[in-house]
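Each remark here refers to the structure printed beneath this line.
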Protein chains: 2
Amino acid sequence: MTVDTSARIRAAALELFSAHGYEQTSLREIADQVGITKASLYYHYPSKQALLSSLVDPLVEDSRAVIDEAERLEPTPENVRAVLGRQLDTILREQSLCGLLVRDAVAMIAVLAPRWEELLGLQSRMYAWLAGPGASPSRCVRAMAALETLAVPLKAAGQLPPIDEDELRTTLLDAALAVLGLH
Amino acid sequence: MTVDTSARIRAAALELFSAHGYEQTSLREIADQVGITKASLYYHYPSKQALLSSLVDPLVEDSRAVIDEAERLEPTPENVRAVLGRQLDTILREQSLCGLLVRDAVAMIAVLAPRWEELLGLQSRMYAWLAGPGASPSRCVRAMAALETLAVPLKAAGQLPPIDEDELRTTLLDAALAVLGLH
DNA sequence: GTCTATACCAGGATAGAC
DNA sequence: GTCTATCCTGGTATAGAC
C-alpha cells in the first residue's frame with residue numbers, strides 16, 4: 001500500500017488543525033486519526049511546524065500567482081472584479097486552510113514567522129493594486145475592507161444562512177465592489 | 001500601596017495575550033511583568049482561564065448594551081449608521097482586546113466556551129437587526145460583511161496607512177453602509 | 001515504514017511558610 | 001499578599017528493535 005502516508009497525514013492534520021486549532025491539536029491525535037503512532041509521524045515530517053508548513057506553502061504560491069497576474073492589469077472595474085473573483089475562488093476552494101490562518105492567526109505567526117511575513121507582503125501588494133496608484137489613506141482602508149469582505153465565509157462558518165455557492169460568490173463580489181465604490 | 005495588584009495583573013495579561021496570544025503566554029511571563037511570582041497570581045485569580053474571563057466579561061456586557069439598544073430602533077439608514085458607529089467606538093476603544101478575540105479565536109473558543117456562545121448570539125442578533133426582518137440570505141451575508149468591515153483595524157494592525165482616527169471612523173462607516181446598499 | 005519505550009521539558013496548579 | 005518548593009500532565013523528540 002503506502003497509499004502515500006504523507007498525504008494522509010496532511011489530510012488528518014488539516015482536518016484537526018482547522019477543527020481545534022494548531023496548538024490544541026496534539027501529534028498523538030493526528031497519528032491516531034491516520035492509524036499510525038506518534039513516532040511514525042517523525043519519519044514523514046521532522047516537526048509539527050514542518051507539517052503545518054507543508055499545508056500552507058502551496059496556498060502561499062497560489063496567492064502569489066493571483067497577485068502577480070493582477071499587477072499586469074490596470075485596476076479597471078472589470079479587472080478588479082475578475083481579480084477579486086479569482087481570490088475568492090481560492091478562498092472557497094481552500095476554505096478550511098484559510099479559515100485556520102484567519103482564526104488561529106497568532107499560532108500561525110508564531111510558527112510560520114518567515115512565511116507569514118511573505119503572506120503579509122502579498123496582501124499589501126493586493127491592497128495597493130486595488131487602491132490604485134497614489135491612493136489616499138481612506139482609499140487604502142477601503143481596499144483592505146474589500147478584501148475582508150471576501151473572507152466573510154471563513155469566520156462566519158456556522159452563522160452563514162443557507163445559500164447556494166453561486167449566490168454567495170456574487171453577493172460577496174458585489175459587496176466588495178460596493179466598498180470600493182465601483183458598481 | 002497595593003495599587004490594585006489585580007488591575008496590574010489584568011493590564012499585563014492583556015498586553016501579553018494580545019502581543020503573543022493566549023496559549024503562547026505563560027503565567028510566568030505575566031508574573032515577571034508585574035514583578036511578582038507565578039504562585040502569587042493564584043491568589044488573585046484561580047486560573048489562567050479566570051484571568052482571561054475577567055478581561056473579556058466587561059466587553060461582552062458592553063456589546064450586549066449596544067445590541068439591546070439597537071433592537072429598540074427601526075433599522076433606518078440613520079439608525080444603522082448610529083448603531084454601527086457605537087459598535088465601531090467600542091472596537092476602537094477596546095482595540096487590543098478585540099484584536100485578541102479575532103486573531104486568537106480558536107484559543108478563545110477553547111477557553112471561553114460558554115462566553116463565546118454568548119458572543120456569537122449577540123453577533124447574530126446584530127446581523128439580524130442590520131439585515132432587517134425577513135431578509136434574504138444574500139442580505140444577511142451583506143450584513144455580516146458590513147460588520148467585518150468595522151473589524152478591519154483589528155487585523156490590519158501593522159498595515160493600516162497613517163490616517164487620523166476621525167477619518168478612519170468615517171471611512172469605515174461609509175464602507176459598511178455601502179456594503180448594505182445604504183448611502 | 002512503523003513500532004515500543006523513554007528522556008526531556010514547559011506550563012498550570014497546589015501546599016505551606018512568612 | 002507574596003514567597004519557595006513541588007507535583008502532575010502533556011507535548012516534543014530520539015533511540016533502537018522489527
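To find a chain, count down the sequence lines: A is the first, B the second, and so on, and within it residues start at 1. Computed over heavy atoms, backbone and side chain alike; hydrogens, waters and symmetry mates excluded.
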A:Glu23 or A:Ala39, whichever maps to the more 5' nucleotide of DNA chain D: A:Glu23
N/O donor-acceptor pair, side chain A:Lys38 with base D:dG11, under 3.5 angstrom: no
Geometric cation-pi criterion A:Lys48 and A:Tyr22, 6.0 Å radius, 45° cone: yes
Using whole Å, report how far [atom1] of [X] lies from [atom2] of [N].
| X | N | atom1 | atom2 | answer |
| --- | --- | --- | --- | --- |
| A:Leu27 | D:dT12 | CG | P | 4 Å |
| A:Asp4 | C:dT2 | CG | P | 10 Å |
| B:Asp32 | C:dG11 | CG | P | 11 Å |
| A:Gln49 | D:dG11 | CD | C1' | 15 Å |
| B:Leu51 | C:dG12 | CG | C1' | 13 Å |
| A:Gln24 | D:dT9 | CD | C1' | 16 Å |
| A:Tyr45 | D:dT14 | OH | P | 17 Å |
| B:Leu41 | C:dT14 | CG | C1' | 14 Å |

Of the nucleotides [options], which one has an atom closest to the side chain of [X]?
| X | options | result |
| --- | --- | --- |
| B:Thr5 | D:dT2, C:dT4, C:dG12 | D:dT2 |
| A:Ser40 | D:dT12, C:dG1, C:dC3 | C:dC3 |
| B:His44 | D:dT2, C:dG11, C:dC3 | D:dT2 |

Electrostatic pair A:Glu61:A:Arg64 at N-O distance under 4.0 angstrom: yes
N-O pairing of B:Asp174 and B:Arg81 below 4.0 Å: yes
Touch class at under 4.0 angstrom, heavy-atom based, for A:Thr25 against every strand present: nothing
Sugar-phosphate only, base, or nothing, as touched by B:Ser26 at under 4.0 Å among non-hydrogen atoms: sugar-phosphate
Short side-chain N/O contact from A:Tyr42 to OP1 or OP2 of D:dA13, under 4.0 Å: yes
Contact under 4.0 Å: B:Thr37 side-chain N or O vs D:dT2 OP1/OP2: no
Shortest non-hydrogen contact from B:Tyr45 toward B:Ile9: CE1-CG2, 3.9 Å
Separation of B:Leu84 CG from B:Met126 CE (nearest 0.5 Å): 6.5 Å
